[in-house]
Amino acid sequence: MSNVLKLDDVVMRFGGVVAVNNLSLEVNKGSIVALIGPNGAGKTTAFNVITGVYMPTSGKVSFEGKDITKEQPHKIAKLGIARTFQNIRLFKKLTVMDNVLIAKHLHLKSGLFGTALHMPWAVKEEKKMREEAEALLEKVGLTAVKNEMASSLPYGQQRHLEIARALATSPQLLLLDEPAAGMNPQETMELTHFIKEIKDEFNITILMIEHHMDLVMEISDDIYVLDFGQLIAHGTPEQIQRNEKVIQAYLGVEEDA
Amino acid sequence: MGLQTFMQHLANGISLGSLYALIAIGYTMVYGILRLINFAHGDIFMMAAYLAFFGMTIFSMPWYVAFIMVIVVTVILGILIEKAAYRPLRDAPTSSVLISAIGVSFLLENLATFLFSGKPRAFPTFETMTYSLDMQGVSVQVLTIIVPIVTLIILFILLFVINRTKLGMAMRAVSKDYEIAKVMGIKINNIIAYTFAIGSALAAIGAFLWGMKYPQVSPLMGVMPGLKCFIAAVIGGIGNIKGAVLGGFILGLAEVLLVAFFGQLTGYRDAIAFILLIIILLVRPTGLLGEKTAEKV
Amino acid sequence: MLKIEDLKVSYGGIEAVKGISLEVPENTIATLIGANGAGKSTVLRSIVGLVKPVSGDISFNGESITGLTSDQIVSRGITLVPEGRRIFPNLTVLENIKIGAYMRKDDLSEDIAWMNDLFPRLKERSWQLAGTLSGGEQQMLAVARALMSKPKLIMMDEPSLGLAPLVVKGIFDIIKEIHKQGMTILLIEQNANLALKAADIGYVLETGSIVMQGEGKELLKDQSIREAYLGKSK
Amino acid sequence: MNKRTKLLLNIAALVVVILFIIIANELFDSYIKRILNLCAIYTILGLSMNLVNGFTGLFSLGQAGFMAIGAYTVAIFTVPIEARSLIFYLKPMNAFLSGIHIPFVPALLLGGVIAALFAWLIGAPVLRLRGDYLAIATLGFSEIIRIVFTNAQTITNGALGIKNIPTISNLWWTWSIALLTIFFMILLIHSSYGRAFKAIREDEIAAEAMGIGLFKHKVISFMIGAFMAAIGGGLFAALLGTVDPKQFYFTLTYNFLLIIVLGGMGSISGTIISAFIVTGGLEWLRFLDEPMSIGGINIALFRPGLRMVVFSILLMIVVLFYRNGLMGQREITWEAIGEFFKKLRTRKTRNAKGGAKVE
Amino acid sequence: GGSKEAAADADVIKIGVFEPLTGANAAGGELEVEGMKLANKLYPEVLGKKVELVIADNKSDKAEATTAAARLIEKDKVSAILGSWGSSLSIAAGDLVKNNKVPAIGASCTNPMVTQGNDYYFRVCFLDPFQGTVMANYAFKQGYKKAAIIQEVSNDYAVGLAKFFTDAFVKLTGDESSIVEVGNYNTNDQDFSGILTNIKEKNPDVIFAPGNFTESALIIKQARSLGITAPFIGGDTWETSEFIQVGGKEVEGAVLSTFFDDTAPANDEAKKFVEEYKKEYPNRESVAAVSALGYDAYILTLKAIETAGSADPQKIRDAIAATKDFQGVTGKITINEQGDADKNTAVIKTVKDGKFTYLDTVVIE
Ligand SMILES: Nc1ncnc2c1ncn2[C@@H]1O[C@H](COP(=O)(O)OP(=O)(O)OP(=O)(O)O)[C@@H](O)[C@H]1O
Ligand SMILES: Nc1ncnc2c1ncn2[C@@H]1O[C@H](COP(=O)(O)OP(=O)(O)OP(=O)(O)O)[C@@H](O)[C@H]1O
Ligand SMILES: [Mg+2]
Ligand SMILES: [Mg+2]
């Protein structure tokens with residue numbers, strides 16, 4: 001298996017805070033990789049570095065062998081990395097459909113004027129975009145609410161929509177930042193299946209941050225554990241569950257178990 | 001250019017700059033707490049100038065009585081404006097509040113035009129202030145010496161109030177976090193009202209001194225000084241009092257020195273403020289002494 | 001001491017809290033657990049008057065405090081250690097401590113000394129700007145700030161958030177300590193394990209409704225809770 | 001409602017508007033026509049500002065500057081060559097420019113293009129600024145343009161301004177261009193680019209993560225806005241027949257801000273309606289400036305200036321109590337109109353029924 | 001209002017007053033209207049019909065100016081228009097009066113462009129070139145050799161005057177470098193210390209500072225406080241009481257050219273005008289020239305209506321164009337081909353004891 005994403009000694013500093021410290025990791029094609037660790041460990045920051053929101057203080061990020069350390073976020077999205085956000089960032093006042101269509105904008109072929117003036121070829125492209133978006137919404141079960149305003153959806157559906165929106169950019173690598181946050185166990189279970197499904201359906205690789213250990217342990221092929229910005233463990237779910245350091249820093253000692 | 005002329009220019013620049021600084025502090029105070037560009041500040045300044053004018057001419061108050069009266073009434077005006085136009089928008093997006101501020105500014109200008117007519121009036125001055133001292137060929141008005149002193153005194157008083165008193169502590173707290181300030185038991189509306197009161201008082205003092213130096217009042221007199229002082233505040237780093245003073249001096253000196261060294265460009269003088277502003281914003285997006293902020297994703 | 005009846009809160013049409021009732025008896029540690037976005041913080045925010053409930057009643061020591069302003073509520077002896085610490089970064093450590101006592105008019109020196117006892121680290125840093133403190137120190141400061149108002153009820157919103165396990169333990173020691181000194185505590189935690197262990201009563205909140213309540217130790221043993229919140233496999 | 005009916009309705013509406021223009025041109029006096037012309041021009045300028053501020057979420061206050069570019073381009077190039085030496089009587093016109101005459105339409109477009117280029121130039125540094133800072137920087141640029149125009153005497157005739165610009169007095173020019181602009185705006189906003197703009201308005205970070213180049217799209221929106229503003233400015237110059245730098249004082253921008261705030265930030269139909277209300281209303285309120293007497297006694301309140309006071313109070317009321325303006329981000333669509341009538345009808349029948357019950 | 005309905009009446013002849021009553025030019029506009037109103041009060045009838053003044057505020061703004069003018073023409077159907085103070089406003093209305101064939105008479109708009117290429121715009125005042133030349137002559141006569149100029153670049157009037165002053169002064173002195181310094185400023189500027197300091201270094205004999213009276217008064221004040229002793233000379237816009245109020249004792253000795261002198265009325269009509277004006281506006285310390293011009297503009301229009309024997313705008317226009325040796329309070333007026341008043345006399349005044357005082361009369365051949 002070849003790696004899709006590779007981080008080499010990435011350091012991210014904010015003033016005095018070292019949010020990510022010498023992080024190196026690899027994500028293999030077609031796998032589901034989890035990034036876990038206590039709050040403030042630097043997981044989201046790592047995502048932000050990967051997606052170009054922050055430029056790392058030092059280190060290198062490569063995607064499919066290409067150095068993307070200094071790329072801008074929208075270029076990275078175009079290259080094939082999509083993400084969701086820890087605190088949902090939908091285009092709240094736009095419809096569900098529009099949210100998905102916006103994510104398709106990056107592959108638009110018709111130029112500005114063709115598009116703006118609704119030239120025949122642009123109209124055709126728009127039609128295709130809409131069809132694809134409909135299909136996607138169908139898959140994530142949001143067809144019924146496609147004309148609703150995004151902010152009016154219940155929390156769980158917003159999470160789904162965020163994933164659908166990310167998928168609409170046709171990514172090869174999908175970064176999910178706490179997708180199960182705020183979901184009850186039932187929903188979390190459904191999400192577990194959903195993630196597996198989309199991975200196969202869209203033939204993508206997934207890197208995910210999650211605190212729900214059920215989910216993580218069930219679907220990850222590989223887990224990285226961060227603490228204070230530093231990698232403290234890496235391995236399969238079984239290895240991680242048994243890792244002393246991880247139990248100390250994150251999983252907690254199960255005194256009564 | 002002779003040394004004497006240069007010194008004269010310098011004196012002019014400092015004198016103008018310190019007036020800018022004084023008014024800029026008011027902008028910065030309000031911005032620092034409310035994150036609001038109080039576009040109406042220049043017009044509050046104008047209203048204060050009119051109050052002083054009417055006080056001293058029609059009601060023939062002695063200047064010190066007028067001075068106190070102007071400060072009191074302007075403070076009330078400032079608080080009223082805050083109450084009527086900004087408080088209802090406390091939870092609204094910044095753009096709504098900014099538009100409200102522009103609206104207030106527009107209203108004050110039109111109201112002044114309606115009430116006082118568009119005609120400029122002569123601001124009463126008195127000899128003790130306007131008397132020119134000759135310092136080895138450099139003539140300096142008494143006012144030119146007084147204004148920077150007043151500005152610096154006010155700066156130090158405000159720094160003291162803000163950094164050393166309970167009120168100041170509350171102001172700083174409110175500026176960072178309304179909600180938690182509330183949870184501390186701080187009545188944020190009162191704190192904001194105090195801030196406006198201080199800002200308006202500064203506008204009043206500024207108007208008084210401005211009137212002495214440029215003895216003329218008109219409904220639109222606040223527009224340009226307002227804009228320039230706002231720019232001064234932004235240059236210095238809006239929200240930072242020391243920055244406002246720094247920005248004021250820089251702007252005043254820049255304007256006068258442009259005239260001094262590039263006489264043929266004097267027509268571009270008003271552009272200087274903006275050019276300076278844009279250059280500084282490009283180099284330091286939050287001004288010279290402004291704090292950097294980045295959005296956490 | 002604190003009693004909430006049928007509280008409903010919504011943010012612009014979206015109902016975050018859907019009619020919950022709970023009680024915190026005097027001198028107990030009560031805890032509210034639940035997933036992200038379940039509405040826990042919202043409950044605390046409505047208690048201190050930061051959000052206006054749509055309906056329902058909140059009473060404190062028998063007096064209804066619904067609709068009072070935050071400062072009125074705080075002056076009755078309730079205080080909040082907010083989620084994410086939210087200390088005032090532009091104030092020094094000492095000022096942050098003092099601002100906690102903003103409502104008080106009496107002499108603070110005794111209580112400041114108490115804080116210095118409780119948090120020796122803060123004493124060392126009293127002139128430092130609070131924004132430059134480490135996360136753990138900030139959390140201590142937030143607790144100290146809240147204590148300065150001499151509250152009868154102190155509410156803590158995820159005090160262990162973003163803290164190393166060791167620091168978390170320290171925070172919980174402090175919680176127990178102030179409880180011993182006679183304070184009532186309402187605690188929100190993600191770390192349900194720790195919270196339930198410390199708590200006398202626990203409430204479980206799920207998408208805006210209370211789905212379970214009981215003694216802390218009881219809940220800890222409950223199978224469904226274990227599955228949902230303690231991250232333990234079946 | 002299907003596509004065909006909608007198309008038919010659109011055509012019908014267009015025909016009605018064209019008929020209106022024909023009739024208005026014939027029947028109305030030049031005073032009314034002038035106001036209608038202004039309405040159309042303000043519609044264009046309002047839309048231009050709404051594109052940037054309302055749809056893309058950039059707080060730009062540079063309209064007056066772009067307008068000035070358009071107005072001056074039209075002025076400089078369309079003034080008859082023989083009139084130029086008379087106009088530039090203090091300092092002769094720049095020798096190169098003085099020989100160039102361009103017909104109205106190309107000059108109008110040229111103005112738009114220059115403004116767009118200029119927007120591109122200043123966009124690079126300025127559009128990276130946020131919120132308040134962007135507002136003040138764009139305002140600054142508009143003032144710089146004005147000041148340059150005041151001082152560049154051989155090109156703009158400085159403070160004297162340029163007069164003798166061939167004027168337009170019928171409604172065709174302004175209204176057809178306004179219609180084109182509206183049409184273009186609707187198409188643009190409903191295209192993929194329009195959605196991208198709105199995405200930027202809603203959440204820059206998410207938009208960028210979805211592959212929308214923030215900078216590129218902001219610049220595009222800013223340039224299109226500048227182009228439209230310049231077209232509006234060019235028409236304005238041709239309507240007045242004269243330009244001078246004072247007309248483009250930064251406070252002019254506030255008028256358009258007012259239009260979009262009143263109409264609704266992010267609403268095309270709102271902008272159009274509000275352009276008419278503001279322009280027409282200001283004219284209608286003129287009675288406030290005239291002395292008025294009730295029973296022979298002159299009321300001192302009615303004197304010049306009252307109109308603007310009332311106007312600004314109205315503005316404040318809108319800002320404070322109707323925060324989202326008339327339309328918010330909504331649009332008037334055929335569906336909405338259909339809904340409205342349906343509701344009206346059901347309400348009527350319900351009322352009728354209710355009435356019966358009481359009996 | 002009640003008066004409006006009566007307006008439709010054919011027994012009324014309407015004359016539009018097109019002036020800035022709000023905005024930057026309000027002060028001048030107001031003074032001009034005072035003269036017109038007074039004239040209307042004294043001469044309320046022509047051809048046996050009542051003359052009604054319809055006043056429209058052009059807000060000192062061009063866009064407003066055109067609608068205001070259009071309104072006068074179309075809505076109020078006035079027979080002629082008077083105004084406006086501020087040449088650019090008159091220029092803005094130029095096309096409208098031309099296209100609608102309604103005559104307009106400017107009272108104090110001195111910019112040449114007002115009447116240029118417009119057969120329907122006239123004026124009763126002299127022009128900027130004339131005024132600039134007058135002041136150059138005056139300065140030369142005083143023996144000044146070196147002059148400095150401070151001009152309001154954003155004001156067409158000031159720029160015009162400065163240019164013609166420069167031309168004439170250079171010609172008179174025969175010295176290309178007789179203008180030692182030119183300082184520019186913008187309307188509403190309040191600080192002039194920079195340009196004044198530069199001027200002080202050049203030490204000119206005289207400073208010509210045409211511009212708005214407020215800025216000019218501030219300039220003189222600041223110059224004096226900087227120790228500049230050279231005399232200041234300027235144009236007719238200075239002649240307002242605010243100039244003296246703002247300028248205080250520093251403007252003592254400032255010299256300006258103007259159209260009219262109320263202390264030495266040229267004829268009986270002028271005497272009557274001054275008397276009545278003082279009665280009507282007791283608060284005014286002196287009679288401003290623009291008020292006198294406003295008065296003349298009204299009377300000239302009235303005369304033209306009388307000559308035309310009709311309220312038809314076209315006929316009135318022809319009558320105005322044919323005006324010869326009309327005895328106005330500001331002197332004899334003959335309308336030339338351009339539509340301008342042929343005047344070759346200007347009054348020079350100075351500020352003395354807080355009053356504008358007659359100094360000299362300059363005649364340019
Ligand atoms: N823009 C920023 N400026 C300053 N500090 C930052 C910024 N972004 C993140 N940090 C800091 O970096 C550290 C890591 O934050 P990050 O959000 O990556 O944590 P995380 O592992 O995602 O935690 P959580 O599980 O709570 O989401 C924190 O201390 C945070 O305060
Ligand atoms: N200011 C707000 N505006 C709109 N919705 C909000 C706001 N604050 C919270 N919400 C929503 O209300 C719901 C409950 O939020 P709350 O913060 O009370 O949850 P919580 O249980 O404290 O979660 P967490 O564990 O993440 O702190 C969530 O769906 C959240 O998105
Ligand atoms: Mg995170
Ligand atoms: Mg919470």
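Atom set for the values below is all heavy atoms of this structure, side chains included, hydrogens, waters and symmetry mates excluded. Naming convention: chains lettered A, B, ... in sequence-line order (proteins, then strands); numbering from 1 in each chain.
Residues C/R145 and B/I180 meet the side-chain proximity criterion, which asks for heavy atoms closer than 4.5 Å. Side-chain contact between B/M169 and C/F88 is absent, with no heavy atoms from C-beta onward closer than 4.5 Å.
B/K187 NZ to C/D71 CG: the interatomic distance, rounded to the nearest 0.5 Å, is 4.5 Å. Atom CZ of B/R164 and atom CD of C/E95 lie 8.0 Å apart (nearest 0.5 Å). Summarising the geometry, atom OG1 belonging to C/T69 is positioned 9.5 Å from atom CG belonging to B/N189; distances are rounded to the nearest 0.5 Å.
Other residues, nucleotides and ligands place more than 12 heavy atoms under 6.0 Å from the NZ atom of B/K166. Counting heavy-atom neighbours within 6.0 Å of B/Y194 OH, excluding the residue itself, gives a total of 12 or less.
Top candidate by heavy-atom pairs under 4.5 Å with chain B, chosen from C/N96, C/L50, C/V48, is C/L50.
The nearest pair of heavy atoms linking C/V74 to B/V183 is CG2-O, 3.0 Å. Nearest heavy atoms, B/M184 versus C/M103: O-CG, 3.7 Å. Minimum heavy-atom separation, C/N90 to B/S175: ND2-OG, 3.7 Å.
Using a 4.5 Å cut-off between heavy atoms, C/R76 makes no contact with chain B at all.
For C/Y203, the side-chain hydrogen bond (donor to acceptor under 3.5 Å, both in side chains) test picks out no residue, with sequence neighbours left out. Remark: B/L98 pairs with B/L36, B/I37, B/F39, D/F59, D/D132 by the side-chain contact (heavy atoms from CB on, under 4.5 Å) rule, at least two apart or across chains. In terms of the salt bridge (charged side-chain N to carboxylate O under 4.0 Å, His left out) criterion, residue partners of C/R86 (sequence neighbours excluded) are, by chain and number, B/D177, B/E179.
The stretch residues 109-117 of chain C places none of its residues near chain B, where near means some heavy atom under 4.5 Å from a heavy atom of that chain.
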